[in-house]
Protein chains: 2
Amino acid sequence: MNRKISLAIVDDHPIVVQGLQMILTNNSDINVTGCFTSGSDFIEFLKNNEVDIVLLDIMLPDSNGMDVCKEIKSVSPNTCVLALSNHSERSIVMQMLQNGASGYLLKNVSVQELTNCIYEALNGEVAFSKAVKEILARPSANDLKGIPQLTKREKEVLQLIAEGKTTALMAKHLFVSPLTIETHRRNLLQKFEVKNVASLIKIAADHGLLKSIG
Amino acid sequence: MNRKISLAIVDDHPIVVQGLQMILTNNSDINVTGCFTSGSDFIEFLKNNEVDIVLLDIMLPDSNGMDVCKEIKSVSPNTCVLALSNHSERSIVMQMLQNGASGYLLKNVSVQELTNCIYEALNGEVAFSKAVKEILARPSANDLKGIPQLTKREKEVLQLIAEGKTTALMAKHLFVSPLTIETHRRNLLQKFEVKNVASLIKIAADHGLLKSIG
DNA sequence: TTTCTTCTACTGGTTTTCTGGTATTTTTTT
DNA sequence: AAAAAAATACCAGAAAACCAGTAGAAGAAA
């Protein structure tokens, strides 16, 4: 090993910071270079110091995690960002990753998982804690309101709508009257509690109800 | 250790089957209980035999992977299904998981990863190979055909359309004329080469261009 | 400065979706 | 056999989306 890994912690909860530090000082590869309670403090630090990886709480009081992450990556593209959060909402996870994070951990992460994820991230991989993988895998299972129960025909029509077919085309395709298709569409909108196909398709896609376009 | 893990392989490529068998016989915990070249053969077997985990190729000649997976879980809910595939399309991954798969591996998986994933799956976790995590994390970055380049305003409008807002509402929201919104929508349709918002939203969602609903 | 892109806005017309009803037939379940 | 659920079909009108073409103004890039 040539040199120690330079790691920073950004979190406004002293207890979390203490805990992380304790865990990480046991690891001889890792050097905790700095702890910060705000995103902007860390960005300043980053301008004059090299940091290999940062554990970033995404719920900071002053700024939001997304923006901090984006800024970190623009100031120092090679610094890995591991998002650390209590929030297990899928959309937040996705947004962080979209903004360049190397991974996402819930704060209930185990010590073993934490160190694994750090090494994975530094190795250029994407790192998730167990609970996060669960969220990414089964968006609907973690949903408050369940997916409406659809009939076979409704699923077919839903799929065809997503493929951009108009009522007339769908009717031909399924050998029924266009008026029947309209009824199905109407029932779909009602079941999903939306008022146009745009949101219908959005929600259906989020729930993994649609086939990918061949 | 009380008893060996019972593992089955379902794949129509003899070479893959051979390879998997070779790798797995080196592992004294695992007993390869059976190899099958079709989904229905395996389902039959499953009715009379206990299988802890099955490595399932999702591109079988006779049936499709989703349905086989669903059937496996209905015949034997405790059998873990690890999907094995060359296909790295996000929506396929999601569909398999939706249908009860415990994980998804691309066939370029390493030996180490494979065994890790098997243990993770048996342990009730969701298991992904490295490449799959990459896909889940950054849907857009892994696309073959590039996503059309969107302007800032177009992205905003796209998002609002996905949220089910009408032209009039979007116009109010963005403080512009409804006619301007219409133009943006039109440009979006043109850029994505589709002719209605349904397919627009479908494709945008597939590419991870939309925020998920909280 | 000129050019390119983006954002803005318009006219006018067509197609499709959406809304609120109703209702018969077929299939499934009890 | 009766009841419930699903698939089928219709009318008529309102609202929204879609199409084709044009074009000025602001801002960024050459």
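Because the structure is predicted, anything quoted here is derived from the model rather than measured. Letters A, B, ... are given to chains in the order of the sequence lines, protein chains preceding strands, and every chain is numbered from 1. Keep in mind that the numbers below use all heavy atoms, side chains included, and drop hydrogens, waters and symmetry copies.
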N/O (side chain, A:T180) to phosphate O (OP1/OP2, D:dA9) under 4.0 Å = yes
With DNA chain C as reference, determine whether B:K152 or B:P178 sits nearer its 5' end, using the nearest nucleotide of each.
-> B:K152
Rounded interatomic separation in angstrom, taking CD from A:E154 and C1' from D:dA7 | 9 Å
B:R186 CZ - D:dG21 C1' separation (whole Å) = 7 Å
Out of D:dC19, D:dT8, C:dC10, which nucleotide sits closest to the side chain of B:T183?
-> C:dC10
Side-chain atoms of B:L179 come closest, of C:dA9, D:dC10, D:dC19, to C:dA9
Report the distance from atom CZ of A:R153 to atom P of D:dA7, rounded to the nearest whole Å.
-> 8 Å
Nearest-Å distance, CG (A:L150) to C1' (D:dA5)?
-> 14 Å
Axis deviation across the helix from C:dT2-D:dA29 to C:dT30-D:dA1, five-pair ends, to the nearest 10° = 70°
Let me know the distance between NZ of B:K191 and P of C:dT5, rounded to the nearest Å.
-> 11 Å
A:L189 and A:K195, any side-chain heavy atoms less than 4.5 Å apart | no
Presence of A:H184 side-chain N/O under 4.0 Å of D:dA7 phosphate oxygens OP1/OP2 | no
Would a 4.5 Å heavy-atom cut-off, applied to side chains only, mark A:L55 and A:D11 as touching?
-> no
Is any side-chain heavy atom of A:I72 less than 4.5 Å from a side-chain heavy atom of A:L56?
-> yes
Checking side chain to side chain contact (heavy atoms under 4.5 Å, CB included) against B:T79, which of B:I53, B:D52, B:L46 comes through?
-> B:L46
Heavy atoms of other groups near B:Q21 CD, more than 12 under 6.0 Å = yes
Are any side-chain N or O atoms of A:D41 and backbone N or O atoms of A:E44, one a donor and one an acceptor, separated by less than 3.5 Å?
-> no
Got a sec: does the NZ of A:K191 have more than 12 other heavy atoms crowding it under 6.0 Å?
-> yes
B:N196 CG to D:dA15 P: how many Å, rounded?
-> 22 Å
Check: B:R185 side chain, D:dA16 base, donor-acceptor under 3.5 Å = no
B:K107 and B:D57, any side-chain heavy atoms less than 4.5 Å apart = yes
Counting only heavy atoms not in B:K73, do more than 12 sit closer than 6.0 Å to its NZ atom?
-> yes
Identify, residue by residue, the members of residues 161-171 of chain B with a heavy atom below 4.0 Å from DNA chain C, and return them in order of residue number, or none.
-> none
So what does A:S177 touch, heavy atoms closer than 4.0 Å: a base, only the sugar-phosphate, or nothing?
-> sugar-phosphate
How long is the line joining CD1 of A:I201 and P of C:dT17, in whole Å?
-> 11 Å
Atom CD of B:E182 to atom C1' of C:dA9: distance rounded to whole Å?
-> 11 Å
Residue among B:E163, B:E156, B:K155 satisfying side-chain hydrogen bond (donor to acceptor under 3.5 Å, both in side chains) with B:Q159 | B:E163
